[in-house]
Amino acid sequence: MHHPLEWKDIGPLSEIPVQGARRVEHKEGRIAVFRTVDDQVFALRDECPHKKGPLSEGIVHGHAVTCPLHNWVIDLATGFATGADEGCTGRIPARLVDGRVQLGLVA
């Protein structure tokens, strides 16, 4: 069944550090919103597919984040682990509109 998305404004891009993240609480769980050095935004479930480490506390590099628990590298665009590691965390649609970050959440 297809559920429509509702775009929720979570604030200005400037509130997310460059190469950093911000955690957003949602009824379906925690969401990590990432800002890359080139000011792109990505959102993933704030849970590494390995041992559920908080990705929002990881190190952002390029378009990936390294989990702070066991150094798994997760692709921000897809949520998939890279390299020899296997697993995926949920991806949440994210966009920038007039300098503000919006997340596409199920209505």
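Bear in mind that the values here come from a model prediction, so they are computed numbers and not experimental data.
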Full working for side-chain contact (heavy atoms from CB on, under 4.5 Å) between Val73 and Val65: CA-CA 6 Å; Val73 177; Val65 61; over 6 Å; no

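Atom-to-atom distance recorded for Lys8:NZ and Ile31:CD1 is 8.0 Å, nearest 0.5 angstrom. In this structure, CG in Leu96 is found 8.5 Å from CZ in Arg35, a value given to the nearest 0.5 Å.
Nearest heavy-atom pair, Ala81 versus Ile74, reported as atom, atom and distance to 0.1 Å: CA-CD1, 3.9 Å. Smallest separation of non-hydrogen atoms from Leu44 and Gly79: CD2-CA, 3.7 Å.
Listed by first and then second residue, the ring-ring contact (aromatic ring centres under 6.0 Å, His included) pairs that reach into residues 12-40 come to none, sequence neighbours excluded. Applying the salt bridge (charged side-chain N to carboxylate O under 4.0 Å, His left out) test to every pair with at least one member in residues 77-104, sequence neighbours left out, gives these pairs: Asp9-Arg100. Annotation: ring-ring contact (aromatic ring centres under 6.0 Å, His included) contacts involving residues 72-100, sequence neighbours excluded, comprise His50-Trp72.
Within a 6.0 Å sphere centred on CD1 of Ile59, heavy atoms belonging to other residues, nucleotides or ligands number 12 at most.
Inter-residue side-chain proximity for Cys48 and Leu69 is flagged as unmet; no heavy-atom pair is nearer than 4.5 Å.
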Distance-only criterion, 3.5 Å: show the donor-acceptor pairs between side-chain atoms of residues 11-23 and protein atoms not counting sequence neighbours.
unit_1, atom_1, unit_2, atom_2, d
Gln19, NE2, Val60, O, 3.4
Arg22, NH1, Ile10, O, 2.4
Arg22, NH2, Ile10, O, 3.1
Arg23, NH1, Asp46, OD2, 3.4

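By the salt bridge (Lys or Arg N to Asp or Glu O under 4.0 Å) test, Lys52 is found to be paired with Glu47, residues two or more places apart in sequence or in another chain being considered. The side chain to side chain donor-acceptor pair (under 3.5 Å) test applied to His61 returns Thr66, not counting sequence neighbours. Remark: His63 engages Thr36, Asp38, Gln40, Phe42 in a side-chain contact (heavy atoms from CB on, under 4.5 Å) (not counting sequence neighbours).
Hydrophobic clustering (ILVMFWY, side-chain heavy atoms < 4.5 Å, transitive): Val101 and Ile92 are in one cluster.
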